[in-house]
Amino acid sequence: MPLRRCTRRSDIAVYLYRCPDHGPTETRCAMGAAPAAVECPACGSTAARVFTAPRLSFGSPVRRALIERTERTRDQPDVVSAPPRRPGPARRADVLSNPALSRLPRP
């Protein structure tokens with residue numbers, strides 16, 4: 001099987017390969033296009049692919065905080081005692097002007 005290097009312009013993922021003589025090396029490839037082995041840049045021998053966890057910690061801290069907060073609300077939703085207030089005119093005037101709404105039970 002001929003070894004190939006990923007050198008496309010649409011590089012979006014970093015894959016880790018390990019040469020038995022020179023240790024780890026990284027290669028950028030399009031997602032799903034990484035070969036099982038590449039040539040070691042130092043000696044040219046076969047460097048096998050090493051499967052690692054994705055590097056999610058290198059993303060934006062703001063986005064990471066948003067994702068964590070969203071996931072946390074799935075198991076620990078915020079408890080509120082009333083709906084959030086809207087800025088602007090109060091909606092109480094709408095309720096008082098409609099006679100049908102005055103017959104509804106009050107909390």
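The basis for the numbers below is simple: all heavy atoms, side chains too, and nothing from hydrogens, waters or symmetry mates. Everything numeric in this text was worked out from a predicted model, so none of it was measured.
Shown here are the side-chain contact (heavy atoms from CB on, under 4.5 Å) partners of Glu68, two or more places apart in sequence or in another chain: Arg64. Qualifying side-chain contact (heavy atoms from CB on, under 4.5 Å) partners for Arg69, counting only residues two or more places apart in sequence or in other chains: Leu66, Arg72.
Annotation: the span from Glu39 atom CD to Thr27 atom OG1 amounts to 10.5 Å, rounded to 0.5 Å.
Of all non-hydrogen atoms in Tyr17 and Val38, the two that sit nearest each other are CG-CG2, 3.6 Å. For Arg49 against Ala34, the heavy-atom pair with the smallest separation is NH1-CB, 3.9 Å. Shown here for Thr46 and Ala37, the closest heavy-atom pair between the two residues is CG2-CB, 3.6 Å.
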